[in-house]
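Have a look at the structure below before the remarks.
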Amino acid sequence: RAAEAAAERAEAGAEIPIRKERREKTFTPAFPAAVSDAALAAADALRADGNASFRRGDVLGAVETFTEALAHVPNDVAALANRAAARLRLGEWAAAERDASACLSLDAKHEKALHRRAKARTGLGDHEGALSDLQALSALLPNHAETAAMLARARKAAERTAGSAAEGAARAAARME
């Protein structure tokens, strides 16, 4: 349904409303062939539909629509980052981490993808991974208060995790003696 509407808008040459300046699209060497204008237009329309679904609270619909957009342009960093956000909202930590990681493989400095992967890794209990992402994000946004607060929480969580692992190893070694 969303794909049909997007295709109709693309064929009609409909303008897609954009609120902010677009970044240049990033494509990986894995997809060396040029992406057609029709595919880009369809992906843009689907991504806009996915964003609207997400804002309405239709998070499952947003995931489906972002997935359709990625069928047109498989290495669309915005669709990957947005699908990661929707999957976070659904509590699908592993899927969100995969999407954010795929986005970061295309654009290593994608701020939203770093933030979303850190949240996904926290949900998965990978506090060291979340800390690494937040350190990278902090380097990109040195004066961002929310990032600094998240980084401080991640450091504490990573320290607790490391401390618990060390205590567990010490207890196991003591039992073996």
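A distance of 9.0 Å separates CG of Leu90 from CG of Leu88, quoted to the nearest 0.5 Å. With rounding to the nearest 0.5 angstrom, the CG atom of Leu70 is 9.0 Å from the CZ atom of Arg47. Atoms CD and NE2, from Glu159 and His127 in turn, are 12.0 Å apart once rounded to the nearest 0.5 Å. In this structure, CG on Asp49 lies 11.0 Å from CG on Asp44, to the nearest 0.5 angstrom. Taking CE of Met150 as the start and CG of Asp133 as the end, the distance is 9.5 Å to the nearest 0.5 Å.
Heavy-atom minimum distance, Ala86 versus Val59: O-CG1, 3.2 Å. Taking each heavy atom of Ala96 and Ala120 in turn, the nearest pair found is CB-CB, 4.0 Å. The shortest heavy-atom contact between Phe66 and Ala79 is CB-O, 4.0 Å. Across every non-hydrogen atom of Gly50 and Ala62, the tightest pair is O-CB, 3.4 Å.
Taking Ala81 as the reference, Cys103, His110, Arg116 meet the side-chain contact (heavy atoms from CB on, under 4.5 Å) condition, with sequence neighbours excluded. Taking the side-chain contact (heavy atoms from CB on, under 4.5 Å) definition, one finds that Leu140 meets it with Lys109, Glu111, Leu114, sequence neighbours left out.
Side-chain atoms of Asp126 and Glu128, non-hydrogen and from C-beta on, do get closer than 4.5 Å to each other. Looking only at side-chain heavy atoms (C-beta outward), Leu134 and Leu137 come within less than 4.5 Å of each other.
When atom types are taken as modelled, the side chain of Ser138 and the backbone of Gln135 share no donor-acceptor pair closer than 3.5 angstrom.
At a threshold of 4.5 Å between side-chain heavy atoms, the hydrophobic network of Ile, Leu, Val, Met, Phe, Trp and Tyr places Leu131 and Leu104 in one connected group. Hydrophobic clustering, with ILVMFWY side chains joined whenever heavy atoms are under 4.5 angstrom apart, keeps Leu141 apart from Val77.
Here side-chain hydrogen bond (donor to acceptor under 3.5 Å, both in side chains) pairs that include residues 79-90, with residues two or more places apart or in two chains, are Asn51-Asn82, Thr67-Arg83, Arg83-Asp99, Arg87-Asp99.
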For side-chain hydrogen bond (donor to acceptor under 3.5 Å, both in side chains), just list the numbers for Ser53 and Arg56, CA-CA rounded to whole Å, side-chain angles, deciding distance to a tenth of an Å, and then say yes or no.
CA-CA 5 Å; Ser53 294; Arg56 281 193 315 270; 3.1 Å; yes

